[in-house]
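First comes the structure, then the notes that go with it.
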Amino acid sequence: MSVTDQDWRREQDRVTRVLAEIDKRISVLEQEEGETRAEIVEFRKNFWDDVTVNLDEPDDIIETHATLRQQAEVLSERERRHRQTTGQLKKLRRLQQSPYFGCIDFREQGEREAERIYIGIGSFLDQSETEYLIYDWRAPVSSLYYDYAPGPVEYETPGGTIEGEMVQKRQFVIRDGMIKSLFDTGLTIGDELLQEVLGQQANLQMKSIVATIQQEQNRIIRNTRSRLLVVQGAAGSGKTSAAMQRVAYLLYRFRETLRAEQMVLFSPNRMFNSYVSSVLPELGEENMQQTTFQDYLEYRLGRTFELEEPFAQLEYTLTAGEESGYAARLESIRYKSSPAYVELIERYVQYLGQEGLQFRNLKFRGEIILSKELIYDQFYQLERSLPIPNRLELLVEALLQQLKQRALHELEQPWVEEEVELLDNEEYLEAFRSLQRKKRFTENSFDDFDRERQLLAERVVQKLFKPLRAQIRRLRFLDIPAVYRRLFADPQLVAQLDLNDRLPDCWAEIGEQTVARLERKELALEDATPYLYLQEKIEGFRTNTAVRNVFIDEAQDYSAFQFAFLRKLFPHGKMTVLGDFNQAIYAHSADHQFVFQPLIDLYQEEDVETILLTKSYRSTRQIVEFTRSFIAGGESIEPFNRPGEKPTLTRVEDERELHDKIIEQIRTLQSARYNTIAIICRTASESKHAYEALQSAVDLRLIDLRTTAYEAGVLVIPSYLAKGVEFDAVILYDASAYREESERKLFYTACTRAMHELHLFASGELNPFLLEAGEDTYRVNR
């Protein structure tokens, strides 16, 4: 249905009226905010003037406490009112920029007239607060806009299903109070609006997509049933964007019971955290917790071991092919990341329940006072049907009691007298005050030399035994490194545990490599999660019961062990995992077609929903047609019909020509006013080399593991750090460097970062993936 000039004028008049109402509301709230802020400042300034502090008598103390609490409650209420007003102002100022982006005419079943519903990023009521001028995009009725074409429709509410008919669906582009685009549309959000959004330059931070949410993305956003939601999506299909809108939707849908701090996002790197940090504030919500899995491992194990970074492992697999032990290390990475290794560790824990747990001696003044053999015997004398953590609790109590008896024995030892004699005046007075506070004696008690000596001796012994008590309570008598090490140092034990005969043939070499690292107090990436999992199974899992929703981005890079660990870490948390097996670039996942299966297997079938996103929106049609041509299942990836130029391939004779051509290409792209241009290199070492070669001719920024913010300009970046982000134009530094089959997905990942233009350079033979693509999908520069 075409939009008439009369329709346009009528809609523009409404925009003008709604903006006038918004302006009025902003004026009122600004005045309220100013008055409340002034009240808070004045109240804080005079807080103590209205409080009489009297601590002489019990009744006076109670009255003082009541007055303080009353004053604090008044201040808290005004601060809360100020926060609410500030939040409302932020939402209204966003609506000022673009009050709404769509509307539907919906006639509920049984009604004669259709209601026109305008949809924006937040709700807005008229002055009487009886009519919605704008509905929040997350409201139940708003789902009709994303899910249906005009015709019979229904939507879910907390009270049940509402049925009816959608008479019309209309889309708007409103800027600075003026309608720039207006059109009626069918099922999908109209191509006109998507073309405008996707044709823009890359943003330094991810933006909200609420105006262009597609039907399949809406399924992700509004899913509240599944305990595990798995999203497998092609590069550029909007997985991360949909996930961020999902967070905003859940915070709106469950606003009475769910807070942002009860949600956590595990992202691929710190730069990515910066990239997505603006989405939720743009929608009027607080940011949830954001971290990386590596940061969590560092927090738990970093004081005991030097941990290998994920990208250090990837650099090794890409560059160390000629080194001794390389094949065994690759096999180690694959096996230790597999469900088979999870099973092996679980059987090892069962074995340790009966025998084999390793302990440390507990020493005092250089002497063993509780030997590891004694601790071992006491542990295995406890009821063996009890889980190991429960037995350790009983063991801790027993060891503390034995330590108490040893402390009494030490009171009579000569060294105690020596320590008492060495107390200086300050320590002596502090001991006196401490004991007096405990009412162990009065001021005259110190006239009795024997009593004085006994009390000071007790204090000296207790002080020196305190670290031992702390060690016992913290289970420091357990030797977890030795427990883990035994798996690799005892061939008979591991053969006994490997019931399904799935150990790699090179297990002996893997064991030597692992033991050597452990002796250097290092943990390879593939060992870190299994080690922590084993430790938690022995000591008792430190579960986080407060987190209600867990989001994992780039989840194709997670191992079966990491999935198993996160499942136990957040027992009450629903999980949303997002990824693309065609971007599984790590050695442990590169050969798997469905890397999420180990996680799915941890849930009941009815608790899992899997959503497949096959349409790619990031890149032009020509770039998608090129990149999908050299990956398995690429024919199922559907490009959004945004036209552009074919990717180019430039072959060069030597490195000097390579750099000259790249500099020339950068200047051409800069003249086209692109905001972000990425020179993507295969490895960090190649990135550093390219940066050093080009920096004298072009203003560049080198991106490495320390980079925490995504900035505009020309960036030189390793392929794996570019994951999850996008650039206006991508220059692939040397396409010839990607030659192994294991690097196919890395090559694909690098190429799919480009939104508008992709330019490949090759200094040697063409890689096999380019040969598979066929020259009809790219243009060769002569």
(request) Check the angle between the aromatic planes of Tyr484 and Tyr531 and answer parallel, tilted or perpendicular using the 30° and 60° thresholds. (result) perpendicular
(message) Assess whether a salt bridge exists between Glu216 and Arg219, defined as any Lys/Arg side-chain N lying under 4.0 Å from an Asp/Glu carboxylate O.
(response) no
(message) Donor-acceptor pair, distance only, cut-off 3.5 Å: does the side chain of Thr514 make one with the backbone of Phe488?
(response) no
(request) Mark yes or no for whether Thr157, through its side chain, and Gly159, through its backbone, hold a donor-acceptor pair below 3.5 Å. (result) yes
(message) Taking the side chain as everything from C-beta on, heavy atoms only, tell me whether Glu309 gets closer than 4.5 Å to Leu307.
(response) no
(message) Tell me whether Gln604 at atom CD has more than 12 heavy atoms from other residues, nucleotides or ligands lying less than 6.0 Å away.
(response) no
(message) Contact between Ile162 and Phe106 at the side-chain level, heavy atoms closer than 4.5 Å - yes or no?
(response) yes
(request) Output yes when a side-chain donor or acceptor of Glu635 lies under 3.5 Å from a complementary backbone atom of Arg628, and no otherwise. (result) no
(request) May I have all residue pairs that pass side chain to side chain donor-acceptor pair (under 3.5 Å) and include part of residues 567-578, sequence neighbours excluded? (result) Arg246-Thr576
(message) Counting C-beta onward and ignoring hydrogens, is there a side-chain heavy-atom pair between Lys239 and Ile220 closer than 4.5 Å?
(response) no
(request) Mind listing the closest non-hydrogen atom pair of Asp136 and Arg138 along with its distance? (result) OD1-N, 2.8 Å
(request) Evaluate side chain to side chain donor-acceptor pair (under 3.5 Å) for Asp553 paired with Thr240, printing each intermediate quantity in order. (result) CA-CA 7 Å; Asp553 207 351; Thr240 304; 2.6 Å; yes
(request) Kindly give the heavy-atom pair with the smallest separation between Thr752 and Thr749, and that separation in Å. (result) OG1-O, 3.0 Å
(message) So for atom CD, which belongs to Glu605, do other residues, nucleotides or ligands contribute more than 12 heavy atoms lying within a distance under 6.0 Å?
(response) no
(message) Return the CG to CD1 distance between Asp580 and Ile585, rounded to the nearest 0.5 Å.
(response) 11.5 Å
(request) Quick one: closest heavy-atom pair of Pro639 and Ile637, and the distance? (result) CD-O, 3.6 Å
(message) For a 4.5 angstrom cut-off between non-hydrogen side-chain atoms, does Gln289 reach Gln262?
(response) no
(request) Look at Lys336 together with Asp527 and state whether they make a salt bridge at an N to O cut-off of under 4.0 Å. (result) yes
(message) Does either side chain, that of Asn218 or that of Gln214, offer a donor lying less than 3.5 Å from an acceptor on the other one?
(response) no
(message) Any side-chain to backbone donor/acceptor pair from Asn500 onto Arg502? Under 3.5 Å, distance only.
(response) no
(message) Does Arg255 qualify as a cation-pi partner of Tyr252, given the criterion of NZ or CZ under 6.0 Å from the six-membered ring centre and within 45 degrees of its axis?
(response) yes
(request) Applying side-chain contact (heavy atoms from CB on, under 4.5 Å), name anything that partners Leu382, two or more places apart in sequence or on another chain. (result) Arg391, Leu394, Leu395
(message) By the ring pair (Phe, Tyr, Trp, His ring centres under 6.0 Å) test, which pairs, at least two apart or in different chains, include something from residues 538-557?
(response) Tyr533-Phe541, Phe541-Phe565
(request) Considering only NZ, NE, NH1 and NH2 on the basic side and carboxylate oxygens on the acidic side, decide whether Lys723 and Glu554 come within less than 4.0 Å. (result) yes
(message) Just so I know, are the side chains of Leu251 and Met263 near enough to count as touching, which here means a heavy-atom distance under 4.5 Å?
(response) yes
(message) Considering only residues two or more places apart or on different chains, which pairs with a residue in residues 529-540 satisfy salt bridge (Lys or Arg N to Asp or Glu O under 4.0 Å)?
(response) Arg300-Glu536, Glu346-Lys537
(request) Please check if the side chain of Arg618 supplies one atom and the backbone of Met755 the other of a donor-acceptor pair under 3.5 Å. (result) no
(request) State, with a plain yes or no, whether a side-chain heavy atom of Glu638 is found less than 4.5 Å away from one of Ser616. (result) no
(request) Would you please classify the geometry between the Tyr146 ring and the Trp137 ring as parallel, tilted or perpendicular, with 30° and 60° separating the classes? (result) perpendicular
(request) Find the distance between CD (Gln562) and CZ (Phe266) and round it off to the nearest 0.5 Å. (result) 10.0 Å
(request) Answer yes or no: is there a side-chain heavy-atom contact under 4.5 Å between Pro339 and Pro598? (result) yes
(request) Describe, in one word, how the ring planes of His588 and Tyr586 are oriented to each other, choosing from parallel (under 30°), tilted (30 to 60°) and perpendicular (over 60°). (result) parallel
(message) Taking CZ in Arg384 as the centre, count heavy atoms belonging to other residues, nucleotides or ligands within less than 6.0 Å. Is the count above 12?
(response) yes
(request) Name all residues meeting the side-chain contact (heavy atoms from CB on, under 4.5 Å) criterion together with Glu163; count only those two or more places apart in sequence or in a different chain, and write none if there are none. (result) Gln109, Glu154, Thr161
(message) We want to know whether Thr292 and Gln294 form a side-chain donor-acceptor pair, criterion being a heavy-atom distance below 3.5 angstrom.
(response) no
(request) Please indicate whether Glu286 has more than 12 foreign heavy atoms, meaning atoms of other residues, nucleotides or ligands, lying under 6.0 Å from its CD. (result) no
(request) List the steps and the verdict of side chain to side chain contact (heavy atoms under 4.5 Å, CB included) for Leu487 and Leu497. (result) CA-CA 9 Å; Leu487 270 178; Leu497 297 174; 3.8 Å; yes
(message) Do Ile221 and Asn223 make a side-chain contact, defined as non-hydrogen atoms from C-beta onward lying under 4.5 Å apart?
(response) no
(message) Could you check whether Asp607 pairs with Arg225 (Lys NZ or Arg NE/NH1/NH2 to Asp/Glu carboxylate O, under 4.0 Å)?
(response) no
(request) Using the six-membered ring of Phe630, assess whether NZ or CZ of Arg744 lies under 6.0 Å from its centre and within 45 degrees of the ring axis. (result) no
(message) Other residues, nucleotides and ligands only: do more than 12 of their heavy atoms fall within 6.0 Å of OH on Tyr132?
(response) no
(message) Donor-acceptor check, side chain of Ser337 to backbone of Arg334, threshold 3.5 angstrom: yes or no?
(response) no
(request) Quick one: pull up OG in Ser619 and CZ in Arg753 and give me the separation to the nearest 0.5 Å. (result) 8.0 Å
(message) Do Lys169 and Tyr148 form a cation-pi contact, if we require the NZ or CZ to be under 6.0 Å from the six-membered ring centre and within 45 degrees of the ring's axis?
(response) no
(message) Closer than 3.5 angstrom, by distance alone: can the side chain of Asn544 be matched with the main-chain N or O of Phe570 as a donor-acceptor pair?
(response) no
(request) Have a look at Asn549 and tell me which of Leu250, Val247, Leu229 forms a side chain to side chain contact (heavy atoms under 4.5 Å, CB included) with it. (result) Leu250
(message) Please give me the minimum heavy-atom distance between Phe101 and Ile121, naming the atom from each residue.
(response) CE2-N, 4.1 Å
(message) Donor-acceptor pair, distance only, cut-off 3.5 Å: does the side chain of Ser241 make one with the backbone of Gly238?
(response) no
(request) Return yes if some donor-acceptor pair links the side-chain N/O of Arg329 with the main-chain N/O of Thr317 below 3.5 Å, else return no. (result) no
(request) Any pair with a residue in residues 333-354 that passes ring pair (Phe, Tyr, Trp, His ring centres under 6.0 Å), sequence neighbours left out, goes on the list, sorted by first then second residue, please. (result) Tyr335-Tyr341, Tyr335-Trp507, Tyr341-Phe561
(request) Could you tell me whether Glu285 and Lys91 make a salt bridge, using a distance below 4.0 angstrom between a side-chain N and a carboxylate O? (result) no
(request) In plain terms, say whether Glu156 and Arg222 are close enough for a salt bridge, that is, a side-chain N and a carboxylate O under 4.0 Å apart. (result) no
